[in-house]
Protein chains: 2
Amino acid sequence: MTNRSTVRTKKAIKHAFSELVEEKGLDSLTVSDVARTAGINRGTFYLHYVDKDDLKNQLESEALESLQERLFSNENADPDDPVDVIPYEAILGALEYVQDDFEFIRAIVGPRGDHAFLGRFRGQLGQMIEKQIAKSSTLRLSMKGFPREYAMQVMLSGIVAITELWLSNGGKESPEEIATMIHESRKLAPYEFLK
Amino acid sequence: MTNRSTVRTKKAIKHAFSELVEEKGLDSLTVSDVARTAGINRGTFYLHYVDKDDLKNQLESEALESLQERLFSNENADPDDPVDVIPYEAILGALEYVQDDFEFIRAIVGPRGDHAFLGRFRGQLGQMIEKQIAKSSTLRLSMKGFPREYAMQVMLSGIVAITELWLSNGGKESPEEIATMIHESRKLAPYEFLK
DNA sequence: ACCCTTAATCAACAGACCGTCCATAAGAGA
DNA sequence: TCTCTTATGGACGGTCTGTTGATTAAGGGT
């Protein structure tokens with residue numbers, strides 16, 4: 001239903017949930033807490049969600065779908081340019097969505113949130129990279145003594161680390177600044193940060 | 001107490017806890033579960049721990065202390081060699097401890113474990129790197145357009161990513177192999193994994 | 001082998017939250 | 001205005017919690 005009161009109630013639940021994840025952690029919060037904080041009856045919660053886990057899953061799925069959309073919209077990326085394996089356009093789009101849904105995403109990604117969420121996002125990012133590599137006739141994930149799996153994780157981890165820090169710092173920088181940092185970081189070996 | 005039965009009971013609790021974290025996740029497991037699985041009376045649990053959170057914290061602290069010890073024992077590292085900012089010796093020592101305490105660490109780091117644990121470990125690793133940089137007269141974390149904070153996180157993330165994957169793959173490789181991979185990864189920019 | 005300390009067991013307690021139900025009130029839409 | 005949907009409020013039995021008190025079992029010291 002896109003009923004007015006339904007929308008209002010669901011928004012209140014999402015807002016309360018985000019607050020509570022930040023405040024007392026996903027583990028500790030209860031359905032009673034959510035209802036109390038959202039200012040709704042506990043029974044009303046159960047009209048919309050099966051339980052706490054269902055709420056978490058629905059909210060996460062919505063966010064991941066939106067992120068997926070943006071990550072995979074990178075039409076004008078050059079298939080054979082290694083730099084475009086992680087298209088600026090796609091990263092920026094995703095970061096802009098993060099900014100729009102900041103309260104929830106910060107909470108769920110944060111230290112008291114759900115570890116699995118970032119794991120699933122990492123998976124999406126990996127798929128995008130795989131897709132870009134597949135599009136190219138010349139590029140592939142080379143080994144350099146690294147099992148393919150490990151190489152991929154190392155590639156992903158830097159991107160996710162930057163995004164996580166951005167979130168925990170409160171999103172001070174603009175999505176453009178972060179996208180640029182991610183872009184630049186791809187060209188630097190860890191030791192090059194030392195001089 | 002180092003009483004025989006105390007030691008036996010605590011071991012049973014830790015083992016049961018690790019199993020249950022792996023199986024149903026840290027969120028969902030209860031003290032009743034732990035007691036049942038460990039084959040002890042629920043009351044006995046409360047003779048040793050305040051509650052589930054206390055158990056988690058005690059086990060995590062023990063592990064982090066042991067890791068800290070090994071990370072900070074790197075006497076023969078060259079202060080002015082950038083490569084020794086992350087001394088092979090220290091990394092290997094830490095990985096060997098992980099192998100010893102594998103069941104627990106895999107569970108707590110895993111997708112249904114405690115996100116905060118890795119966060120704290122990341123902090124320790126960061127401190128070690130800061131300490132090594134401080135020892136040197138010539139080295140420092142340079143910017144290259146990166147805020148210091150972001151540079152540090154990118155440095156850390158690759159190391160942690162490799163360790164996480166090692167854990168989730170069941171620790172097939174030896175600590176030496178992983179330590180070598182971490183060592184080598186420091187010299188490669190993400191795009192160099194593509195050819 | 002003995003006693004005595006310490007740990008583990010068992011049963012019972014009130015309190016919190018759970019998931020469900022039903023009767024009632026409020027409100028949105030035609 | 002009338003109707004259909006959503007929200008409310010209260011009550012149910014059930015599970016888990018943290019604590020207590022009485023009892024049994026095991027360990028260590030001499």
Side-chain angles (χ1 to χ4, degrees), chain A residues 1-62 104 107-108 112-116, chain B residues 1-62 104 107-108 112-116:
Chain A
M1 280 295 140
T2 43
N3 201 315
R4 259 187 250 174
S5 37
T6 300
V7 171
R8 198 158 27 82
T9 301
K10 285 198 164 187
K11 260 190 195 155
I13 290 178
K14 179 172 181 177
H15 176 65
F17 179 76
S18 305
E19 259 189 355
L20 286 165
V21 167
E22 201 76 69
E23 188 186 314
K24 55 185 334 199
L26 179 57
D27 311 3
S28 314
L29 71 87
T30 70
V31 172
S32 300
D33 285 332
V34 173
R36 232 186 331 266
T37 307
I40 62 161
N41 191 277
R42 191 168 66 89
T44 307
F45 177 94
Y46 291 105
L47 294 178
H48 298 287
Y49 304 100
V50 173
D51 56 18
K52 175 175 115 180
D53 211 56
D54 181 49
L55 168 63
K56 185 203 72 183
N57 290 333
Q58 283 198 37
L59 294 180
E60 287 188 357
S61 296
E62 287 166 24
F104 170 69
I108 208 69
R112 320 190 57 136
D114 181 17
H115 185 31
Chain B
M1 279 298 139
T2 43
N3 203 318
R4 260 188 246 174
S5 40
T6 300
V7 171
R8 195 157 29 81
T9 301
K10 285 198 163 190
K11 260 191 196 154
I13 290 177
K14 179 172 181 176
H15 177 63
F17 179 77
S18 305
E19 258 189 355
L20 286 164
V21 167
E22 202 75 68
E23 187 186 315
K24 54 188 328 201
L26 178 57
D27 310 3
S28 315
L29 70 87
T30 70
V31 171
S32 299
D33 285 332
V34 173
R36 230 184 335 265
T37 307
I40 61 161
N41 191 277
R42 191 169 65 89
T44 306
F45 176 94
Y46 290 105
L47 294 178
H48 298 288
Y49 304 100
V50 173
D51 56 19
K52 176 175 115 178
D53 211 56
D54 181 49
L55 169 63
K56 185 203 72 184
N57 290 332
Q58 283 197 36
L59 293 180
E60 286 188 359
S61 295
E62 287 166 22
F104 170 70
I108 208 69
R112 321 190 56 135
D114 181 16
H115 184 32

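Naming convention: chains lettered A, B, ... in sequence-line order (proteins, then strands); numbering from 1 in each chain.
Legend: residues meeting ring pair (Phe, Tyr, Trp, His ring centres under 6.0 Å) with Tyr49(B), ordered by chain and number and at least two apart, are Phe45(B). The side chain to side chain contact (heavy atoms under 4.5 Å, CB included) check on Ala12(B) picks up Ala38(B), with sequence neighbours excluded. Checked against side chain to side chain donor-acceptor pair (under 3.5 Å), Asp54(B) has the following partners two or more places apart in sequence or in another chain: Gln58(B). Qualifying side chain to side chain donor-acceptor pair (under 3.5 Å) partners for Lys14(A), counting only residues two or more places apart in sequence or in other chains: Asp101(A). A search for side chain to side chain donor-acceptor pair (under 3.5 Å) contacts involving Glu60(B) returns Arg120(B), not counting sequence neighbours. Applying the side chain to side chain donor-acceptor pair (under 3.5 Å) rule to His15(A) yields the partners Glu103(A); only residues at least two apart in sequence or on another chain are considered.
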Can you pull every protein N or O that's under 3.5 Å from an N or O on nucleotides 27-30 of chain C?
from	atom 1	to	atom 2	distance (Å)
dG29(C)	OP2	Arg4(A)	NE	3.1
dG29(C)	OP2	Arg4(A)	NH2	2.6

What nitrogen or oxygen pairs link the protein and nucleotides 13-16 of chain C at under 3.5 Å?
none

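Using modelled atom types, no side-chain atom of Thr44(B) and backbone atom of Ile40(B) make a donor-acceptor pair closer than 3.5 Å. Listed for the Lys52(A) side chain is no donor-acceptor partner under 3.5 Å among the backbone atoms of Thr30(A).
Residues of residues 12-36 of chain A that place a heavy atom closer than 4.0 Å to DNA chain C, in numerical order, are Thr30(A), Val31(A), Ser32(A). Within residues 43-51 of chain A, the residues that place at least one heavy atom under 4.0 Å from DNA chain C are, in residue-number order, Tyr46(A), Asp51(A).
If you measure from atom CD1 of Ile40(A) to atom C1' of dT6(D), you get 11 Å, rounded to the nearest angstrom. Going from atom CG of Asp54(A) over to atom P of dG19(C) covers 10 Å, rounded to whole Å.
Taking 4.0 angstrom as the limit, Thr9(A) places none of its side-chain polar atoms (N or O) nearer than this to OP1 or OP2 of dT6(D).
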Return a table of donor-acceptor pairs under 3.5 angstrom between the side chains of residues 20-28 of chain B and protein atoms on other chains or two or more places apart.
from	atom 1	to	atom 2	distance (Å)
Lys24(B)	NZ	Asp33(B)	OD2	2.9
Ser28(B)	OG	Lys24(B)	O	3.2

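The two residues Ala107(B) and Ser18(B) come nearest to each other via the heavy atoms CB-O, 3.5 Å.
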Self-check item: side-chain contact (heavy atoms from CB on, under 4.5 Å) between Asn57(A) and Asp53(A), worked out
Solution: CA-CA 6 Å; Asn57(A) 290 333; Asp53(A) 211 56; 3.5 Å; yes

Quiz item: How far apart are the C-alpha atoms of Tyr46(B) and Asn41(B), what are their side-chain angles, what is the distance that settles it, and do they pass the side-chain contact (heavy atoms from CB on, under 4.5 Å) test?
Solution: CA-CA 9 Å; Tyr46(B) 290 105; Asn41(B) 191 277; over 6 Å; no

Quiz prompt | Paired and unpaired positions of DNA chain C as dot-bracket, Watson-Crick or G-U wobble under 3.5 Å, | denoting a partner strand | solution = |.|.||||||||.||||..|||||||||||

